[in-house]
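Worksheet: the structure to be examined is printed underneath.
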Amino acid sequence: MTDLATTTSTAGPAAIRPVVPLSRMRRSRGRKPLLGALGVALALIAWHLVTTVGGVQATVLPEPLDVLRSLGDNRQLLLDNVGYTLRTILIGFALSVVIGVSLAVAMRASSTVDGLLTPVIVGIQTVPKIALLPVILAWFGIGQTSGLVIVVLITVFPILVNTRLGFSGVDEEFRSLGSVMGGSRARTFWTIEVPLALPAIFSGLEVGMTLAVTGAAGAEMFAGSEGIAFVMQVASSALRMDMAFAALTVLTVLGVVLYYATTLVAWALMPWTRGRS
């Protein structure tokens with residue numbers, strides 16, 4: 001019997017691989033980091049010009065060098081609090097992945113489950129999360145638990161939707177191929193459906209990771225007693241805008257690193273997509 005994993009690697013991902021000239025692929029890969037660095041440099045130059053030439057007060061927008069000095073002066077405080085924020089993001093994101101993917105698989109496997117859960121999930125998603133904050137605080141109090149709940153509520157929906165779309169987009173011919181080759185339903189699912197759904201799933205994970213950072217920051221501002229966003233709020237209240245922007249810089253870098261870490265995992269698990277521009 002032909003191995004299903006081999007069949008998938010030749011008939012599945014290969015069937016959707018675009019034809020891209022090698023020279024174009026190399027140019028595209030080489031230009032992206034340079035363009036990203038150029039964009040950051042231009043933003044810093046514009047920031048410097050606004051604060052110096054534009055005459056903006058430091059209590060409104062500090063100079064980049066002042067923010068850099070604040071990063072050095074308060075590095076231990078920022079490091080201690082960014083660890084707290086990172087734990088909230090990663091734990092909340094992991095819970096969102098487990099919940100979102102599990103629900104998507106259950107909804108894909110059963111139309112009854114899909115019919116029962118869809119209105120509930122959509123209803124929860126349409127409620128503004130800020131409106132749920134008093135309830136979350138009443139149930140879980142101020143602290144990391146409330147932050148985790150907020151992160152999950154914000155993050156789980158795009159993961160669920162993209163995972164569901166990924167499985168729904170698998171051509172029925174590939175599922176039939178698994179049955180023809182004598183594979184069980186579970187084996188067909190893991191060796192054919194999951195690889196073909198991975199691009200959509202990781203699209204949801206990338207969006208979810210950025211939302212997890214946003215959710216953790218919002219939770220620390222409204223329901224936290226520590227964390228990098230809490231430091232930013234306290235500094236802003238004291239008109240220490242250099243320190244507030246230092247904390248914001250750390251939070252931004254953390255979000256960018258986590259996003260690209262997610263794309264790196266996707267790159268490692270989906271080699272057939274590496275040729276896409």
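The two residues S203 and N162 have their closest heavy-atom pair at CB-OD1, 4.0 Å. In this structure, V231 and M243 approach most closely via the heavy-atom pair CG1-CE, 3.8 Å. F157 and Q125 make their closest contact through CB-OE1, 3.1 Å (heavy atoms, listed as atom of the first residue, atom of the second, distance).
Note that CD1 of I150 and CZ of F140 are 10.0 Å apart. Values are rounded to the nearest 0.5 Å. Going from atom CG of L251 over to atom CZ of F245 covers 12.5 Å, rounded to the nearest 0.5 Å.
Judged by distance alone, with hydrogens and angles left aside, the side-chain atoms of S168 form no donor-acceptor pair with the main-chain N or O of L165 at under 3.5 Å. In this structure, E220 contributes its side chain and I228 its backbone to a donor-acceptor pair below 3.5 Å. Not one N or O on the side chain of T155 forms a donor-acceptor pair closer than 3.5 Å with the backbone of V152. Not a single donor-acceptor pair under 3.5 Å links the side chain of S70 to the backbone N or O of D66. T118 places no side-chain N or O within 3.5 Å of a backbone atom of G115 that could act as its donor or acceptor partner. No donor-acceptor pair closer than 3.5 Å links the side chain of S225 to the backbone N or O of G143. In this structure, the side chain of S146 does not engage the main chain of I142 through any donor-acceptor pair within 3.5 Å. For the pair T85 (side chain) and N81 (backbone), a donor-acceptor distance under 3.5 Å is present.
At least one side-chain heavy atom of M270 sits less than 4.5 Å from a side-chain heavy atom of F202. For the pair I192/L196, a side-chain contact is recorded, criterion being any heavy-atom separation below 4.5 Å from C-beta on. The shortest side-chain heavy-atom distance between T249 and L68 does not fall under the 4.5 Å cut-off. The shortest side-chain heavy-atom distance between F230 and V234 falls under the 4.5 Å cut-off. For the pair L205/I159, a side-chain contact is recorded, criterion being any heavy-atom separation below 4.5 Å from C-beta on.
Under a hydrophobic-cluster definition in which Ile, Leu, Val, Met, Phe, Trp and Tyr are linked whenever side-chain heavy atoms come within less than 4.5 Å, directly or via other members, L95 and V149 are assigned to different clusters.
With respect to R240 and D242, a salt bridge is recorded, a charged nitrogen being found less than 4.0 Å from a carboxylate O. A salt bridge is absent between D114 and R108: the closest approach of a Lys/Arg side-chain nitrogen to an acidic carboxylate oxygen does not fall below 4.0 angstrom.
Side-chain contact check for E206 and T263: no donor-acceptor pair (N or O, by modelled atom type) lies under 3.5 Å. For the 3.5 Å distance criterion, the side chains of Q144 and T88 qualify, holding a donor opposite an acceptor.
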